[in-house]
Structures are given as structure tokens and as C-alpha cells.
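Single-structure report; data block below.
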Amino acid sequence: MQKLLSPLDFVGVSFFITCMALLASTVFFVLERGNVPKKWQLSMTVMTLVTGIAFVHYLYMREIWIALGSSPMTYRYIDWFITVPLQIVEFYLILAAVAVVPYLVFWRLLLASTLMLVFGYIGEAGIGDISFYFTLGMIAWFAILYEIFLGEASKINKASTSPACQLAFNSLRLVVTIGWAIYPIGYVLGYMMGQVDTGSLNMIYNLADFVNKIAFGMIIWYAACTDAKRTQQL
Ligand SMILES: *C/C=C(C)/C=C/C=C(C)/C=C/C1=C(C)CCCC1(C)C
């Protein structure tokens with residue numbers, strides 16, 4: 001008989017919850033897309049892709065967890081490789097909706113986020129020295145933080161006169177700083193110090209994805225709605 005999810009399997013339950021929440025937010029973003037001003041619609045489309053792609057991965061990861069009691073990190077990385085660059089590109093899209101943004105900003109964000117994951121994977125899969133590649137991954141993450149706090153993207157954001165854009169940009173960069181920190185912390189505790197078992201690590205990552213994907217999208221939707229209200233008042 002096929003194994004079923006036990007209600008006492010908390011890791012399995014956390015896969016289940018995040019999975020359903022990702023489905024719900026995907027539907028929500030699809031339905032809301034038409035209600036936000038046109039310049040925000042591309043950002044909403046990209047968020048729909050992010051949660052939709054993650055939902056499919058979560059369906060599969062949940063099944064594997066129930067069947068095997070483990071969840072190979074490879075599936076998580078496949079999900080990250082598609083969804084993380086899409087999320088980071090949102091910074092560009094938000095700015096591009098209200099200002100002229102050089103393409104280099106786009107390419108730098110895309111490159112840094114991809115490299116962060118490539119290095120993380122090399123370390124985790126044991127292809128290269130874990131401390132060395134973890135450090136490279138951290139540098140790539142810091143490059144993203146530099147771009148959005150001090151670099152060109154942050155300057156364009158400051159100079160923009162759109163409060164909605166600034167609200168989205170400033171909130172999202174907090175997510176990328178605080179919410180994203182959970183992943184490298186889990187990585188260090190789980191792989192480098194071996195203090196966390198893979199079950200707990202999966203639960204931490206499931207919770208992190210909940211915040212970093214769904215709240216991330218909700219921030220964009222909320223900022224877009226405040227923009228719509230402002231435009232109506234004007
Ligand atoms: C939806 C999935 C998200 C937002 C995943 C984000 C993943 C990270 C921010 C991973 C970061 C890492 C480093 C900063 C250093 C190297 C190890 C990683 C890949 C775990």
C-alpha cells in the first residue's frame with residue numbers, strides 16, 4: 001500500500017502546508033493580476049511563475065518525503081535555480097516600471113543570484129571543498145545586497161519619485177537580507193557543523209520558502225495596490 005502522511009510527521013506536515021500555501025498564492029496572483037496598474041502586471045506574472053514552479057516542486061518533494069523519509073537536496077536546488085533568479089529580477093522590474101534602468105543592473109542581479117546557488121550546490125554536493133564554495137556563495141549574496149542597498153539599483157530607487165516602488169523595493173530588500181539569511185545559516189548548521197538533522201533542516205527550509213516566496217509576492221501585490229489607490233485619487 002502507498003504510504004500516507006502521518007499527522008505526527010511534522011516535517012511532512014510542513015511540506016504539506018507550504019505546498020498548499022504556494023498553490024493558494026499562485027491562484028491569488030493570477031486572479032489579482034488584472035486588478036493592479038498595468039506597469040505592475042509583469043511583476044505579478046513573474047511572482048505567479050515563482051510560486052507556481054515552487055508548488056510543483058513541493059508536490060514532488062512532499063511525496064518523496066512521505067515515501068522515503070528523506071528529501072534529496074537536488075530537487076530543492078532545481079527549484080531554487082529557477083525561482084531565485086526570477087525573484088531577484090523583480091528588483092529590476094519594479095524599478096523599470098517607474099524609471100530608466102540600465103540592462104547591466106538586470107544582468108548583475110541575475111548573475112550574482114545564479115552564482116550564489118552554483119557555489120552552494122558545488123559545496124553541498126561534495127564536488128568541491130564545502131567551506132571554500134560556501135564562502136564564494138556568501139560573496140555572491142553580498143554582491144546582491146550591495147547592489148540593492150548601496151549600488152546602482154538602490155540609487156535608482158532613491159531617485160524614483162514613486163512611493164509604491166520605494167515601498168516594494170525597500171521591503172523586498174529586507175526579505176532578501178533577513179529572510180534569505182535562513183538558508184546559509186541552515187547550510188552551516190546542517191552541513192558544515194552537522195548540528196541539525198536533515199528532517200529539521202527541511203522544516204527550516206520549508207518555513208523559509210513560505211516567507212521568502214509568498215510574503216515576497218504579497219509585498220509586490222500590496223505595493224501595486226497602494227499605487228492603484230494613489231492613481232485613482234489623483
Ligand atoms: C524560494 C527560495 C529561495 C528564496 C532560496 C534562497 C536561497 C538562498 C538565499 C541561498 C543562499 C546560500 C548562500 C548565501 C551561500 C551558499 C549556500 C546557499 C546556496 C544556501
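For reference, positions follow the sequence shown, starting with 1. No hydrogens, no waters, no symmetry mates; every other heavy atom, side chains included, goes into these values. Nothing here was measured: the structure is a model prediction, and the numbers come from that model. When a ligand or atom number is given, it counts from 1 through the structure's own listing order.
Among all non-hydrogen protein atoms, the one lying nearest atom 1 (C) of ligand 1 is Lys213 NZ, 1.4 Å. Of the protein's non-hydrogen atoms, Trp180 NE1, 3.5 Å is the one closest to atom 4 (C) of ligand 1. Scanning the protein heavy atoms around atom 20 (C) of ligand 1, the nearest turns out to be Tyr187 CD1, 3.7 Å.
Surrounding CZ of Phe216 are more than 12 heavy atoms belonging to other residues, nucleotides or ligands, all under 6.0 Å away.
Within the 4.0 Å heavy-atom shell around ligand 1 one does not find Phe119.
Taking the six-membered ring where the residue is Trp, the centroids of Tyr183 and Trp80 are separated by under 6.0 Å. The distance between the ring centers of Trp221 and Phe28 falls below 6.0 angstrom.
Near Trp80, the atoms of ligand 1 lying under 4.0 angstrom from a non-hydrogen atom of the residue are 2 (C), 5 (C). Atoms of ligand 1 found under 4.0 Å from any heavy atom of Asp209, numbered from 1 in the order shown, are 1 (C), 2 (C).
Pairing each heavy atom of Ala97 with each of Lys39, the nearest pair is CB-O, 3.5 Å. When every heavy atom of Ile53 is checked against every heavy atom of His57, the shortest pair comes out as O-ND1, 2.8 Å.
At a heavy-atom distance under 4.0 Å, only side-chain atoms of Tyr77, from C-beta outward, approach ligand 1. Contact annotation: for Gln87 versus ligand 1, heavy atoms closer than 4.0 Å belong to the side chain alone.
The pair Asp9-Lys3 does not count as a salt bridge, with every side-chain nitrogen at least 4.0 angstrom from each carboxylate oxygen.
Comparing Tyr183, Phe134, Phe81 by heavy-atom distance to atom 6 (C) of ligand 1, the nearest is Tyr183.
With a 4.5 Å cut-off on side-chain heavy atoms, Thr51 and Phe29 count as touching.
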